[in-house]
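Have a look at the structure below before the remarks.
Reckoned from all heavy atoms, side chains included, excluding hydrogens, waters and symmetry mates.
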Amino acid sequence: MFLPLYDQNPKRFVIKPYVNYALILLTTFLFTIQYLLPVNAENYVIATFGMVPYWLSDARIDQIPFIPDEFTFVTYAFLHGDWLHLLSNMLFLWVFGDNIEDALGHFRYLLFYLLCAAGGGALHYFVYQDDLSPLVGASGAVAGVIGAYILLYPKVRVYVLARIIIPLPLPIPALWVLGAWIAMQIFYVILPQTSAVAWWAHIGGVIAGMLLVLLFKRPEVRLFQS
């Protein structure tokens, strides 16, 4: 739909959003290992740490040895299907995540990110309880960041690479850019599903992000800032 490049949104409380940096580096590092594994080993990792709805519904199946299978509601967010899947998620996290960390603080941002991943996974599980396909990708967590950003900074100008005749960087209010992204997720869940994209996980992440930012933001941070 578009590629975000950067936003005109200076940080007020956090000099270095090192949690956001760490999430990007860790996710990229883990995918690099996943990518370098032999195919059988990679499939085993995805089947073990991806979120498989049907296996969670069946108490007889022990998906992850030694720890509860519900941990896959978080671990799936650190795996990806391919490099394009990874890079698109990390680009959104790079552009928007630092300001959410600034608004929440380091520890609360980390907790927020993980809970948004769980929220996205939970809605996907609720809709597809009989599905055997593993859910992977940080999209649910990143969608939570997007939901929080819309509530906190809807008027901030975001430079996006949009193709009209030729690709151009255009400054567009965050509400328009990210609102269009959310509208696209809703549009696709209404259509018959022919894609492997986990649209419901995106919607679950957005809902979780909008709710959690109200609880986790600093008291001095207002909603709907310009």
Checklist line | side-chain contact (heavy atoms from CB on, under 4.5 Å) between Leu30 and Leu79, worked out | finding: CA-CA 7 Å; Leu30 291 176; Leu79 304 173; 5.7 Å; no
Check: Got a donor-acceptor contact below 3.5 angstrom from the Lys11 side chain to the Ile15 backbone?
Finding: no
Notebook entry, point to check: Ser88 side chain to His85 main-chain N or O, any donor-acceptor pair under 3.5 Å?
Noted result: yes
Next item on the list: Decide whether Leu84 and Leu135 are clustered together by the hydrophobic rule: side chain heavy atoms of Ile, Leu, Val, Met, Phe, Trp, Tyr closer than 4.5 Å, transitively.
Entry: no
Item checked: Minimum heavy-atom distance between Arg157 and Pro173, given as atom pair plus value -> NH1-CD, 3.6 Å
Checklist line | ILVMFWY network linking Phe29 to Leu25, side-chain heavy atoms under 4.5 angstrom | finding: no
Checklist line | Heavy-atom side-chain proximity of Thr72 to Trp55 below 4.5 angstrom | finding: no
Note to self: Suppose we call two aromatic rings close when their centres sit under 6.0 Å apart. Are His124 and Trp199 close by that rule?
What the structure shows: no
Notebook entry, point to check: Which pair of non-hydrogen atoms, one from Leu5 and one from Val95, has the smallest distance, and what is that distance?
Noted result: O-CG2, 3.6 Å
Note to self: Determine whether Leu91 and Leu3 satisfy the following criterion, side-chain contact (heavy atoms from CB on, under 4.5 Å), listing intermediate values before the conclusion.
What the structure shows: CA-CA 8 Å; Leu91 177 61; Leu3 289 176; 3.9 Å; yes
Next item on the list: Decide, yes or no, whether a salt bridge links Asp102 with Arg12 under the criterion of side-chain N to carboxylate O below 4.0 Å.
Entry: no
Item checked: Considering all heavy atoms, the nearest Val158-Pro4 contact -> CG1-CB, 4.5 Å
Notebook entry, point to check: Taking atom CH2 of Trp176 as the centre, does the number of heavy atoms from other residues, nucleotides or ligands within less than 6.0 Å exceed 12?
Noted result: no
Next item on the list: Check step by step if side-chain contact (heavy atoms from CB on, under 4.5 Å) holds for Val197 and Tyr188.
Entry: CA-CA 9 Å; Val197 177; Tyr188 276 110; over 6 Å; no
Check: Tyr76 and Gly140: which non-hydrogen atoms are nearest, and at how many Å?
Finding: OH-CA, 4.2 Å
Notebook entry, point to check: Do Tyr54 and Gln129 come within less than 4.5 Å of each other through their side chains, counting heavy atoms only?
Noted result: no
Check: Hey, do the aromatic rings of Tyr6 and Trp94 have their centres closer than 6.0 Å?
Finding: no
Note to self: Has Gln225 got a side-chain atom pairing as donor or acceptor with Arg222's backbone, closer than 3.5 angstrom?
What the structure shows: yes
Margin query: If only side-chain N and O atoms count, and only distance matters, is there a donor-acceptor pair under 3.5 Å linking Tyr109 with Asn20?
Written below: yes
Checklist line | Crowding at CZ, Phe13 (>12 non-hydrogen neighbours, <6.0 Å) | finding: yes
Notebook entry, point to check: What is the ring orientation for Phe216 with Phe112, classed by angle as parallel under 30°, tilted 30 to 60°, or perpendicular over 60°?
Noted result: perpendicular
Item checked: Point-to-point distance, once rounded to the nearest 0.5 Å, from OH of Tyr128 to CH2 of Trp200 -> 7.5 Å
Next item on the list: Indicate yes or no for a side-chain donor-acceptor contact from Glu101 to the backbone of Val19 under 3.5 Å, with no hydrogens or angles considered.
Entry: yes
Notebook entry, point to check: Any idea which heavy atoms bring His202 and Ser139 closest together, and the distance?
Noted result: NE2-CB, 3.1 Å
Next item on the list: Measure the OG1-CG distance between Thr28 and Asn89 for me, rounded to the nearest 0.5 Å.
Entry: 10.0 Å
Notebook entry, point to check: Can Phe187 be reached from Ile146 by stepping across I, L, V, M, F, W or Y side chains whose heavy atoms are under 4.5 Å apart?
Noted result: yes
Note to self: Using the rule that Ile, Leu, Val, Met, Phe, Trp and Tyr join whenever any side-chain heavy atoms are under 4.5 Å apart, tell me whether Tyr44 and Val39 fall into a single cluster.
What the structure shows: no
Notebook entry, point to check: Does the side chain of Gln8 come within less than 4.5 Å of Tyr159's, by heavy atoms?
Noted result: yes
Note to self: Is any side-chain heavy atom of Leu93 closer than 4.5 Å to one of Tyr113?
What the structure shows: yes
Margin query: Counting C-beta onward and ignoring hydrogens, is there a side-chain heavy-atom pair between Leu123 and Ile203 closer than 4.5 Å?
Written below: yes
Margin query: Could you report the tightest heavy-atom contact between Val136 and Ile46, atom names first, then the distance?
Written below: CG1-CG2, 4.0 Å
Margin query: If I take atom CG from residue Asp69 and atom CZ from residue Phe49, how far apart are they, to the nearest 0.5 angstrom?
Written below: 10.5 Å
Next item on the list: Spell out, yes or no, whether Ile33 and Leu23 are grouped together once hydrophobic residues are joined by side-chain heavy atoms under 4.5 Å, including indirect joins.
Entry: yes
Notebook entry, point to check: Hey, what do you get for CG (Leu151) to CG (Leu223), rounding to the nearest 0.5 Å?
Noted result: 6.0 Å
Check: Heavy atoms, side chains only, cut-off 4.5 Å: are Lys155 and Leu175 in contact?
Finding: no
Check: Hey, does Val14 have a side-chain heavy atom less than 4.5 Å from the side chain of His106?
Finding: yes
Notebook entry, point to check: Do Asp7 and Tyr153 meet the criterion of a side-chain donor-acceptor pair at a distance under 3.5 Å?
Noted result: no
Notebook entry, point to check: Do the side chains of Thr32 and Trp83 get nearer than 4.5 Å, heavy atoms only?
Noted result: yes
Notebook entry, point to check: How many angstroms lie between OH in Tyr21 and NZ in Lys16, if you round to the nearest 0.5 Å?
Noted result: 5.0 Å
Item checked: Backbone of His80 reached by a side-chain donor or acceptor of Gln34 within 3.5 Å -> yes
Checklist line | Interatomic distance, Ile190 atom CD1 to Gln185 atom CD [nearest 0.5 angstrom] | finding: 12.0 Å
Checklist line | Identified side-chain contact (heavy atoms from CB on, under 4.5 Å) counterpart of Met210 within the set Ile207, Leu214, Leu212, Val206 | finding: Val206
